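First the structure, in the form of C-alpha cells, and then the observations on it.
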Amino acid sequence: MWFQILLVLVLVGTAVYLVRSTPNAKHLAIRRLVVFLGLAAGVVVVLAPGLLTRMANAVGIGRGADLLFYVAIVAGLVYVVNEYKRSVQLSRANTQLARELALAEARLQDRIAELERKEPS
Amino acid sequence: MAGMPSAHSSGDSRAPGTERDGGTWVVIPLFNESSVIAGVIEGLLEVVEHVVCVDDGSTDGSAEIAEAAGARVVRHPYNLGQGAALQTGIGYAREQPGAEFIVTFDADGQHRVVDALAMVALAREEDAAIVFGSRFLDDRTRPGLLKKAVLKTAVWVTNLTTGLTLTDAHNGLRVIRIDAARAVNLKQDRMAHATEIVLQLGRTGLPYREFPVEVLYTEYSRAKGQSLLNSINILVDLVIN
C-alpha cells in the first residue's frame with residue numbers, strides 16, 4: 001500500500017523537477033551517484049534473486065519482478081525528463097551561437113559599407 | 001540622439017517631399033513570406049528610414065526580395081523560430097547609432113503602417129517606454145469566435161504571469177524605446193516569446209501604454225496564422241524553463 005504513495009510521490013517529484021530545477025554540477029553528481037548505486041543494486045539482485053522478492057514483499061508488492069518493473073518505469077521517466085531538459089539547453093546555446101554569427105556578419109557588412117562610403121574607390 | 005545621421009540608409013532615395021522617421025527601427029522577423037514581404041517593406045520605408053528584416057532561414061527567396069525592397073537583412077544561418085528572429089532583430093537595432101524606438105512588425109502584412117506611426121507618436125508624446133498594440137480596444141478587428149477565445153485566454157495567462165494589465169497578447173505590433181529594448185533577452189525561440197517579451201518589458205517598470213490597432217485578417221494571414229493547437233505548445237514552452 002505505502003509503495004503506491006511512494007510511487008505517486010516520485011512521479012510528482014519528477015514533474016516538479018521537469019518544471020523547476022535547472023541543471024548544475026550538484027545534479028550531475030547526484031545523477032552519477034544514482035547510476036552507480038543502480039548498477040551495484042543490479043549486481044546484488046542478480047547474485048541473490050530472493051532478495052528482490054523479499055524487498056518487494058516488505059513494501060507490499062507480491063513479486064520482485066513487479067518491483068523491478070515499477071523502478072524501471074520511474075528510471076526511464078527520469079531519463080526522458082533529463083534528456084528533454086538537456087535538449088532545451090542545447091537548442092538555446094545553438095540559437096545564441098547562430099545569432100552571434102548573424103550579428104557578426106551584419107556588423108561586418110555595415111562596417112564595409114561605411115568604409116566604402118567614406119572613400120569610394 | 002534624434003536626427004543623427006544614420007550608419008546606412010539602404011541606399012534608396014524615395015519620398016522626396018515627406019520627412020521620414022530616422023530614429024525608428026522597424027524589426028521584422030521574416031520566414032518564407034516572399035509573396036507579401038516587398039509590399040510590407042515598401043509601405044514602411046515611405047515613413048521610416050530603417051527597416052531590418054531578420055531572415056530566419058527562408059527557402060523561398062524572401063531575403064533577397066526584402067533586400068531588393070530596401071530593407072537591411074540580417075540572416076540566420078538556418079531556421080530558429082520567430083522568437084529567435086525577433087531577438088536578433090532587436091539586438092541589431094538597439095546597437096545602431098541614433099536609434100530611439102524599435103517597432104516590431106509582422107512580415108505577413110497584417111499590421112497597418114499608420115498604427116505603427118501613431119504608436120511611436122504616442123510613445124514620444126506621453127514619454128512611454130513601451131506601446132503595445134491591441135486589437136481588442138475597439139471592435140474593428142474581427143477574429144473568429146474560437147480564435148478570440150484562445151487569444152483572450154492568452155491575455156489572461158499573460159496578465160497573470162507578468163503583472164501587467166493588457167487587453168491583447170501575442171500581437172506582433174509593439175513600440176519599444178531603446179532603454180526598454182536593452183532589457184529584452186528572449187529565450188523562447190518559438191511562439192511563446194510573445195508572452196516572454198511582455199514579461200521582460202514589464203519587469204523594467206518603465207511606463208507602458210496600449211494602443212488600439214487593426215489587424216487585417218486577410219486570406220493570406222488567415223492561412224498562415226497560428227493553429228489553435230499550437231497554443232498548447234506555447235503553454236508548455238512557457239511552463240518548462
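Heavy atoms only: backbone and side chains are in, while hydrogens, waters and symmetry mates are out. Being a predicted model, the structure only gives us computed values, none of them experimental. First the proteins, then the strands, lettered A, B, ... as listed; each starts at 1.
- Put simply, NZ on B/Lys187 and OG on A/Ser91 are 12.5 Å apart, with the number rounded to the nearest 0.5 Å.
- In this structure, A/Asp110 and B/Arg72 have side chains that are in contact, with non-hydrogen atoms separated by less than 4.5 Å.
- Not a single ring pair (Phe, Tyr, Trp, His ring centres under 6.0 Å) links B/His76 to another residue, sequence neighbours left out.
- B/Glu95 touches chain A through its side chain: at least one heavy atom from C-beta onward sits under 4.5 Å away, while N, CA, C and O do not.
- Of all non-hydrogen atoms in B/Thr88 and A/Leu103, the two that sit nearest each other are O-CD2, 3.8 Å.
- Within 6.0 Å of atom CZ in B/Arg190, 12 or fewer heavy atoms from other residues, nucleotides or ligands are found, so the atom counts as exposed in its surroundings.
- Counting heavy-atom neighbours within 6.0 Å of A/Phe36 CZ, excluding the residue itself, gives a total of 12 or less.
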Please list, one pair per line, the donor and acceptor atoms closer than 3.5 Å that link side chains of residues 39-60 of chain A to other protein atoms, with sequence neighbours excluded.
from, atom 1, to, atom 2, distance (Å)
A/Asn57, ND2, A/Thr53, O, 3.3

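- Ion pairing of A/Arg92 with B/Asp189 is absent here, as no side-chain N (NZ or NE/NH1/NH2) approaches a carboxylate O to less than 4.0 Å.
- Closest approach of B/Leu186 to A/Arg99, counting heavy atoms only: O-NH1, 4.5 Å.
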